[in-house]
Amino acid sequence: MEYLANWVSQNRKAALCVAGTSVALLGLGLAYKHTRKQKKFRQVGVVSQLLLHPLKSGKAVPVEAAECLQMGLKCGELQDRHWLVITEDGHMVTGRQQPRLVLVSLTCEGGQLHLSGPDMDEISIPLHQPSNPIFKCRIFGADTEGRDCGDEVSSWFTQYFADNKTYRLVHFEPHLKARKPAEEEPAFPKDEKVAYPDAAPVMLMSEASVKDLGSRLDRDISVRQFRPSIVVGDCDAFNEDTWHHLQIGQVEIKRIIGCGRCIFTTVDPETGVISRKEPLDTLPPQLIGQLSLRLKLPQYLDSTT
C-alpha cells in the first residue's frame, strides 16, 4: 500500500513515501488511519506543485495549499473545474474547440469573480448571484447543471472568441445536478460525483514522466499541457502508474484508472495554439495511460500540502 507522508518542513513540500503492503486494510479511510499498526515508510517523491483549474480548460492557478474534497481541490473561494463555458444550447466548450480558452484566467477574491484574457479588459462580477437562472448543461453527453454568471460575462466570452456565436459561463453549486463518473467508467464508485472535470475529481502525474516525454521530443514540454491537479517530483518516470493508495498529510486517495490522452494535450498553454500533433504523435501507446492517474478521494478531508 503506497502512501504520501506528511510535510517536509525544510522545503515546504510534502514527502511521497511508500509503506508495506496489506490488502486487508484497503480503503478504510480515516478510521483505518487511527487504528492501523505503525508502518515504516520510505520516501518515493515529493509533491512539487498543486494546480487548480477553476475554469474548465482555463489557465492553471498554482497554489501553495489546498483542501482536498470529494469533488476536487479547493483553495479559498476557488474550486477545481467548477466553472464552465457553454454554448447557447448548453453544450460544453473546452480547449478542444476553443484553444485560446487556456489563456483565460479566472480568480476569486473578496466575493468577486475576476476574468482576464489577452487583449481583453478584466471584468469582475459578484461570485454568488442566486437570482440568476440555472442552465442545463452537457459534458460528453452527460447531463449536469450550472448557475449562469450573467450577461456581462456572456458578452465578454462572446467577444473573446469572436466567431459570431454566443457563449455563457456557468458555476456549479453544491445543490445542483452533478455527474457520476461510474456511468461512463464502471471502475469508479457508484456514489462518486464530479462537477465539470472530464472524469475524476483529482489527477496526479510526475515531473519525471513529462521530462521523459520531452527527451523523446527533443524539446522541453510543460507539465501544464497535461492539466494535473497534483504534480510529484523526485521520482522516476512513470512510477506513478504503480501507486494505488496514496496519502498526503491526512488525506488518503485511491487510484482508479490511468488518464487517456486526447487532442487537448496538443494545445500550448502559453500561446493557446493547437498543433493537433505533438505530443500525441510521439507518445508510445504504452505511455498514454501512464502520464497521469485519475484519483478519487474516499471522504471529505482537509490537508495543507
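The structure places CG of D220 at 10.5 Å from OG of S215, a figure rounded to the nearest 0.5 Å. A distance of 6.5 Å separates SG in C75 from CG in L52, rounded to the nearest 0.5 Å. We find the CG-CD distance between L115 and E152 to be 9.5 Å, quoted to the nearest 0.5 Å. Annotation: the span from D80 atom CG to K56 atom NZ amounts to 9.5 Å, rounded to 0.5 Å. Between the OG1 atom in T144 and the NZ atom in K193 there is a gap of 10.5 Å [rounded to 0.5 Å]. Summarising the geometry, atom CD belonging to E183 is positioned 15.0 Å from atom CZ belonging to F140; distances are rounded to the nearest 0.5 Å.
L213 places a side-chain heavy atom less than 4.5 Å from the side chain of F226. Side-chain contact check for M205 versus V223: some heavy-atom pair is nearer than 4.5 Å. Side-chain contact between D268 and S275 is absent, with no heavy atoms from C-beta onward closer than 4.5 Å. The shortest side-chain heavy-atom distance between E278 and L217 falls under the 4.5 Å cut-off. A heavy-atom distance below 4.5 Å is not found between the side chains of R168 and V85. L204 places a side-chain heavy atom less than 4.5 Å from the side chain of E240. Residues F264 and S57 meet the side-chain proximity criterion, which asks for heavy atoms closer than 4.5 Å. No side-chain heavy atom of F157 sits under 4.5 Å from any side-chain heavy atom of T166.
Hydrophobic clustering, with ILVMFWY side chains joined whenever heavy atoms are under 4.5 angstrom apart, groups V47 together with V202. Under the 4.5 Å side-chain heavy-atom criterion for grouping Ile, Leu, Val, Met, Phe, Trp and Tyr, V61 is not connected to M203 through any hydrophobic cluster. Hydrophobic clustering places V153 together with F161 (ILVMFWY residues linked when any side-chain heavy atoms are closer than 4.5 Å, directly or through intermediates). Placement of I263 and I221 within a single hydrophobic cluster is found when ILVMFWY residues are connected by side-chain heavy-atom separations under 4.5 Å, directly or transitively. Hydrophobic clustering (ILVMFWY, side-chain heavy atoms < 4.5 Å, transitive): L73 and W83 are in one cluster.
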key: Verdict with supporting geometry, E185 and E192, side chain to side chain contact (heavy atoms under 4.5 Å, CB included)   = CA-CA 11 Å; E185 174 50 65; E192 186 86 346; over 6 Å; no

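Residues satisfying the side-chain contact (heavy atoms from CB on, under 4.5 Å) test with S155, not counting sequence neighbours, are none.
Nearest heavy atom pair, residue G58 against residue H53, reads O-CD2, 4.0 Å. Shortest non-hydrogen contact noted between R216 and D212 is NE-OD1, 2.8 Å. Here the closest non-hydrogen pair linking C262 and L280 is O-CD1, 3.4 Å. Here the shortest heavy-atom pairing between L55 and L84 reads CD1-N, 4.2 Å. Summarising the geometry of R224 relative to P62, their closest heavy-atom pair is NH2-CG, 3.9 Å, with the distance given to 0.1 Å. Annotation for D143 and K177: closest pair O-CE, 3.5 Å, computed over non-hydrogen atoms.
Other residues, nucleotides and ligands place no more than 12 heavy atoms under 6.0 Å from the NZ atom of K180.
Aromatic ring pairs are classed by plane angle as parallel below 30°, tilted from 30° to 60° and perpendicular above 60°; the pair H171 and H82 is tilted.
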Atom pairs and distances, donor-acceptor, side-chain atoms in residues 127-135, under 3.5 Å, two or more places apart:
unit_1 : atom_1 : unit_2 : atom_2 : d
Q129   : OE1    : N132   : ND2    : 3.3
Q129   : NE2    : P126   : O      : 3.4
Q129   : NE2    : C149   : O      : 3.1
N132   : ND2    : D148   : O      : 2.8

Listing, residues 91-114 side-chain donor-acceptor contacts under 3.5 Å, not counting sequence neighbours, or none:
unit_1 : atom_1 : unit_2 : atom_2 : d
H91    : ND1    : D89    : OD1    : 3.2
H91    : ND1    : D89    : OD2    : 3.4
T94    : OG1    : R96    : N      : 3.2
T94    : OG1    : R96    : NH1    : 3.1
T94    : OG1    : Q97    : OE1    : 3.1
R96    : NH2    : D198   : OD2    : 2.7
Q97    : OE1    : T94    : N      : 2.7
Q98    : NE2    : D163   : OD2    : 2.9
Q98    : NE2    : Y167   : OH     : 3.0
R100   : NH1    : Y160   : O      : 3.0
H114   : ND1    : S124   : OG     : 2.6

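Taking a cutoff of 4.0 Å between a charged side-chain nitrogen and a carboxylate oxygen, K136 and E145 qualify as a salt bridge.
In terms of modelled atom types and a separation under 3.5 Å, the side chain of R179 and the main chain of P197 share a donor-acceptor contact. Side chain of S209 to main chain of A237: no donor-acceptor pair is present (N/O by atom type, distance under 3.5 Å, no hydrogens or angles).
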